[in-house]
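Index from 1, following the sequence.
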Amino acid sequence: MIYFTSDTHFCHSSIINLCGRPFESVHHMNNTIIHNWNACVTERDEIYILGDFLYRGTGTDANQILRRLNGKKFLIRGNHDKFLSDPEFDSSMFEWVKDYYEMDYQKQKIVMFHYPILEWQGYFRNAIHLYGHVHNAGKDPDQYKRLSVLGPRAINVGVDVNNFFPVSINQVLKRAQE
């Protein structure tokens with residue numbers, strides 16, 4: 001199975017208040033997101049992380065968390081993935097790291113980028129755009145208005161709008177049909 005997620009912000013204590021996350025501490029948040037991830041994703045699955053995996057943590061922090069997470073991990077770089085340049089980070093933890101990625105899945109093009117974009121490759125041919133970055137900002141009326149112009153084939157796979165679980169390819173395809 002293929003899964004997607006974004007904006008886990010492991011090790012970021014302030015994100016709890018900033019996004020109204022229901023956690024008592026960063027430790028509680030990290031462990032809950034790891035538990036939810038592993039409840040879905042097996043070692044055989046692929047998971048595409050659309051940025052902001054870790055915030056203000058070190059390469060060592062990233063290594064420790066990645067070792068606890070199931071699946072073959074692919075990273076689309078986000079604006080807070082500074083751990084990637086830490087010499088202690090083990091880059092073999094990811095299959096690859098890219099800024100943007102296009103996948104063809106059963107004749108369906110899926111475009112992945114950390115940021116929501118207005119128009120993407122294959123937009124006029126029913127391609128799906130997966131993004132993160134905005135967390136649950138869609139609750140803000142102004143942000144909701146900006147995001148609504150993207151249409152139903154643009155899907156936020158961030159943890160804040162997906163109950164802190166990864167999103168499966170089947171869920172993506174179903175949402176794009178709705």
Side-chain angles (χ1 to χ4, degrees), residues 1-12 14-21 29 33 36-37 40-41 45-57 62 71-85 94-178:
M1 180 68 73
I2 298 171
Y3 290 90
F4 308 93
T5 194
S6 183
D7 300 283
T8 49
H9 279 250
F10 286 111
C11 301
H12 186 189
S14 296
I15 201 73
I16 295 169
N17 288 331
L18 287 171
C19 289
R21 290 185 176 186
M29 177 183 74
I33 294 173
N36 292 353
W37 177 309
C40 299
V41 180
D45 294 328
E46 294 179 359
I47 182 157
Y48 293 82
I49 305 156
L50 277 65
D52 291 2
F53 175 75
L54 182 95
Y55 183 82
R56 290 201 178 147
K72 296 174 188 149
K73 299 166 222 39
F74 303 81
L75 179 66
I76 288 87
R77 191 183 336 260
N79 55 305
H80 292 301
D81 292 317
K82 310 296 186 221
F83 69 92
L84 293 169
S85 60
F94 292 115
E95 301 294 316
W96 50 247
V97 177
K98 298 182 180 195
D99 292 320
Y100 171 96
Y101 184 64
E102 295 178 11
M103 167 193 289
D104 289 310
Y105 178 80
Q106 298 179 353
K107 298 182 181 180
Q108 174 66 63
K109 180 175 285 298
I110 299 173
V111 174
M112 293 175 248
F113 192 49
H114 177 62
Y115 305 96
I117 49 181
L118 185 58
E119 192 172 298
W120 50 91
Q121 176 66 26
Y123 177 84
F124 293 106
R125 291 189 174 94
N126 292 321
I128 297 168
H129 168 43
L130 303 181
Y131 66 91
H133 184 66
V134 295
H135 296 268
N136 54 357
K139 291 180 179 178
D140 174 310
D142 290 333
Q143 183 76 333
Y144 178 79
K145 186 176 179 181
R146 285 194 302 277
L147 293 173
S148 67
V149 302
L150 300 177
R153 299 187 75 73
I155 300 168
N156 183 349
V157 296
V159 296
D160 294 290
V161 295
N162 291 291
N163 297 315
F164 306 97
F165 279 89
V167 179
S168 74
I169 187 79
N170 294 336
Q171 290 171 296
V172 163
L173 295 173
K174 184 178 179 185
R175 285 184 197 176
Q177 298 291 327
E178 294 173 352

Any side-chain heavy atom of [X] sitting closer than 4.5 Å to one from [Y]?
| X | Y | value |
| --- | --- | --- |
| N156 | H135 | no |
| V172 | V167 | yes |
| I76 | I49 | no |
| I15 | Y55 | no |

Pairs where [range] contributes a residue and the test salt bridge (Lys or Arg N to Asp or Glu O under 4.0 Å) is met, not counting sequence neighbours:
| range | value |
| --- | --- |
| residues 169-178 | none |
| residues 124-133 | none |
| residues 149-162 | R21-D160 |

What pairs with F165 under ring-ring contact (aromatic ring centres under 6.0 Å, His included), at least two apart in sequence or on another chain? none
Could you pull out all residues at least two apart from F10 that satisfy ring-ring contact (aromatic ring centres under 6.0 Å, His included)? F53
Looking only at heavy atoms, what is the nearest atom pair of [X] and [Y], with distance?
| X | Y | result |
| --- | --- | --- |
| L54 | C11 | CD1-SG, 3.6 Å |
| G57 | F83 | O-CB, 4.1 Å |
| P166 | N36 | CD-O, 4.0 Å |
| G51 | S6 | O-OG, 3.7 Å |

Apply the test side-chain contact (heavy atoms from CB on, under 4.5 Å) to residues K72 and D45: give CA-CA distance (whole Å), side-chain angles for both, the deciding distance (0.1 Å), then the verdict. CA-CA 6 Å; K72 296 174 188 149; D45 294 328; over 6 Å; no
For F113 and Y131, I'd like to know if the aromatic rings sit close, meaning centre-to-centre distance below 6.0 Å. no
Decide yes or no on side-chain contact (heavy atoms from CB on, under 4.5 Å) for M1 and N170, but give the supporting numbers first. CA-CA 9 Å; M1 180 68 73; N170 294 336; 3.3 Å; yes
Just verifying a value: how many Å separate [X] [atom1] and [Y] [atom2], rounded to the nearest 0.5 Å?
| X | Y | atom1 | atom2 | answer |
| --- | --- | --- | --- | --- |
| K107 | N126 | NZ | CG | 14.5 Å |
| D52 | H12 | CG | NE2 | 9.5 Å |
| L173 | I155 | CG | CD1 | 8.0 Å |
| D7 | L50 | CG | CG | 8.5 Å |
| N162 | T5 | CG | OG1 | 7.5 Å |
| L75 | L84 | CG | CG | 6.0 Å |

Partners passing side-chain hydrogen bond (donor to acceptor under 3.5 Å, both in side chains) against [X] (at least two apart in sequence or in another chain):
| X | result |
| --- | --- |
| Y3 | none |
| Q171 | S168 |
| Y100 | E102 |

With sequence neighbours excluded, give me every side chain to side chain donor-acceptor pair (under 3.5 Å) pair touching residues 73-85. R77-D99, N79-H114, N79-H133
For residues 115-122, dump all side-chain donor-acceptor pairs below 3.5 Å to protein atoms at least two apart in sequence or in another chain.
{"unit_1": "W120", "atom_1": "NE1", "unit_2": "A127", "atom_2": "O", "d": "3.1"}

What do the steps show when you test H129 against M112 for side-chain contact (heavy atoms from CB on, under 4.5 Å), and what is the final call? CA-CA 6 Å; H129 168 43; M112 293 175 248; over 6 Å; no
Give me the one residue out of F74, F4, W96 that meets ring pair (Phe, Tyr, Trp, His ring centres under 6.0 Å) with Y101. W96
My understanding is that only residues two or more places apart in sequence, or in another chain, count here; which of them pass side-chain contact (heavy atoms from CB on, under 4.5 Å) with R146? D142, Q143
List the steps and the verdict of side-chain contact (heavy atoms from CB on, under 4.5 Å) for I169 and I110. CA-CA 10 Å; I169 187 79; I110 299 173; 3.3 Å; yes
